[in-house]
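Residue numbers start at 1 and run along the sequence shown. Note that ligands are numbered from 1 as they come in the structure, with each ligand's atoms numbered from 1 the same way.
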Amino acid sequence: MQIKCSDSIKKTNIYVISINEGEKEVKSQLGNDYQKIIKDYVIKKEGFLGKYGEFYLLNNLEGEVDKILVVGLGKNLDNQKARELGAKLYQHIKNIPNNKDVVIEKINNENITISFLSGFLNASYKFDKYKTVKEEEKIKNVTILDSRLKKEVEKCKIINESLNFTKNLINEQAYEITPSKIADIANIIAKENDLEIKIYDKKELEKMNFGAFLAVARGSEQEPKLIHLAYKPKNPVKKVALIGKGITFDSGGLDIKPASSMLDMKDDMSGCACVLGVIQAVKKLNSNIEVHIISALCENMPSGKSYKPGDILTAKNGKTIEVDNTDAEGRLTLADALTYADKLGFDEIIDIATLTGACVVALGNRISGIMGTNKKMLNEIIKKGEEVGEDLWEMPIKDYMRDSLASNIADMRNTGGREAGTSVAGWFLSNFVKNKNWVHIDIAGTAHISKPYGEHSKGATGIMVRTLTNYLT
Ligand code: BES
Ligand code: MN
Ligand code: ZN
């Protein structure tokens, strides 16, 4: 699908005109004749009200356009409703025959038009790599009819490409997406985007004392990797590290998961996939913020070599951890990745992880958990999320949570009871960052979904690609 911006149109199959609820006539660049048809026929005779999500198709027209699709915007269309309506429009047009060229007139204002377009593009995503019979994308060209939106449309496209990249990586099977494979992909990204890259293998990680991370990796046949990519603009206004959880498959390890819980665990690298998407967008949008992404990649598998409950690990920062449950592996890999980032002295550190089932219970599938040490930064990220339709809700981290993870023989355990699981995991992570500007985002419930909603289809959502890109550009 080609997306462009223009002031004039060539022969068009579907021309999209929108109407706010209750409007009795439309202004359209198509001119008076068409405006009259919509006013006298669609609105007056056919009773089109302009309700949110109402569609009316005018067929078999003569001239430049074959069909006009009138879309109801409802009352008080905001950005979120616009995104969801853009997705509805895609679904609707998909079922109209002869839909190769779609032209969309500006909707209300620039901002709303871009939100609408981003929902439209998001809805057009499919992961059909393994379908032997593929559904062909018939829509070939989408034109936003207002060349003043060119820059914003370009930005929307870039962010959508990152979203697609992230979703593809998450939806791919774990057999394909191993730590080494992600390292290869990271190399390609670095080359294509002119980013600095360093990939550490097991030997190097051993020398650098990644004790907690390597313990998790031990049970797998796959070699662990740590990837570090950097986008470095001249004179950056600040330096931010993004750390993504990168468990390419989480079986639970020796504390093996029941079948139903293991089903989606190829998605346990969603944090990594997200930050890999974000850095590409940040670079293409020429941000003036220096952005580093770091991900400790491994599988969590049961085997004769696996780390065991009762083992005592020495993390990279020297703290000792008694393994209470091998399924709480994400916080162990993140602990060392956080320490690694902490030592490099960033202005801000953000980690993003499919960390706790407790977060799914607490917040469901449409709200991500967020917590950390800097309220201002945290609230800013929540606001940036809200702007792009990704909800975040703050979870508390309290000092007394150390009691939940108290160990008799080590500095702490990796799990405690079931209570406040998301917050306790946050408290655990806080032990590995001295940086006061640290924020942790738990996307266990939101990174992938089993029921579609709004603009999202089943499977990976690419959640936080938009939020973090918005925060970093
Ligand atoms: N990757 C899981 C968390 C998860 C659960 C992600 C559901 C997506 C959907 C994580 O590694 C995990 O297993 N967490 C355990 C921690 C427990 C042992 C304290 C959990 O939440 O059950
Ligand atoms: Mn786990
Ligand atoms: Zn996990």
**Prompt:** Mind checking whether Q222 and F249 have side chains closer than 4.5 Å, heavy atoms only?
**Reply:**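 With C-beta onward as the side chain, the pair stays apart.
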**Prompt:** Does some side-chain heavy atom of V291 sit less than 4.5 Å from a side-chain heavy atom of L468?
**Reply:** no
**Request:** Flag this pair as yes if the NZ/CZ of K239 is under 6.0 angstrom from the six-membered ring centre of F346 and inside a 45 degree cone about the axis; otherwise no.
**Result:**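 Ring-cation test returns no.
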**Request:** Using distance alone, with no hydrogens and no angle criterion, decide if N122 and Y90 have a side-chain donor and acceptor under 3.5 Å apart.
**Result:**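 Per modelled atom types, N122 and Y90 side chains form no pair under 3.5 Å.
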**Asked** Is it the case that N435 and D342 place a side-chain donor and acceptor less than 3.5 Å from each other?
**Response** no
**Residue that, paired with E172, satisfies salt bridge (charged side-chain N to carboxylate O under 4.0 Å, His left out) out of K181, K266, K129, K167** = K129
**Prompt:** Near N109 CG, under 6.0 Å, is it more than 12 heavy atoms from other residues, nucleotides or ligands?
**Reply:** yes
**Message:** Please check if the number of heavy atoms outside K238 that lie under 6.0 Å from its NZ is greater than 12.
**Reply:** yes
**Request:** Have a look around the Mn ion (ligand 2) and list protein N/O/S atoms under 2.8 Å, or say none.
**Result:** D250 OD2, D327 O, D327 OD1, E329 OE1
N/O/S atom name from [X] that is nearest to the position of the Zn ion (ligand 3):
{"X": "D250", "result": "OD2"}
{"X": "D268", "result": "OD2"}
{"X": "E329", "result": "OE2"}

**Request:** Keeping the roles fixed (side chain from T320, backbone from A410), state whether a donor-acceptor pair exists under 3.5 Å.
**Result:** no
**Request:** Without swapping roles, check the side chain of N414 against the backbone of D324 for a donor-acceptor pair under 3.5 Å.
**Result:** yes
**Asked** Between Y125 and N168, does a side chain to side chain donor-acceptor pair (under 3.5 Å) hold up when you go through it step by step?
**Response** CA-CA 9 Å; Y125 174 84; N168 280 341; 2.7 Å; yes
**Item:** Sub-4.0 Å heavy-atom environment of ligand 1, residues by chain
**Value:** K245, D250, K257, M265, D268, N325, D327, E329, R331, T354, L355, T356, G357, T415, A444
**Message:** So, 2.8 Å as the limit: is an N/O/S atom of K245 located closer than that to the Zn ion (ligand 3)?
**Reply:** yes
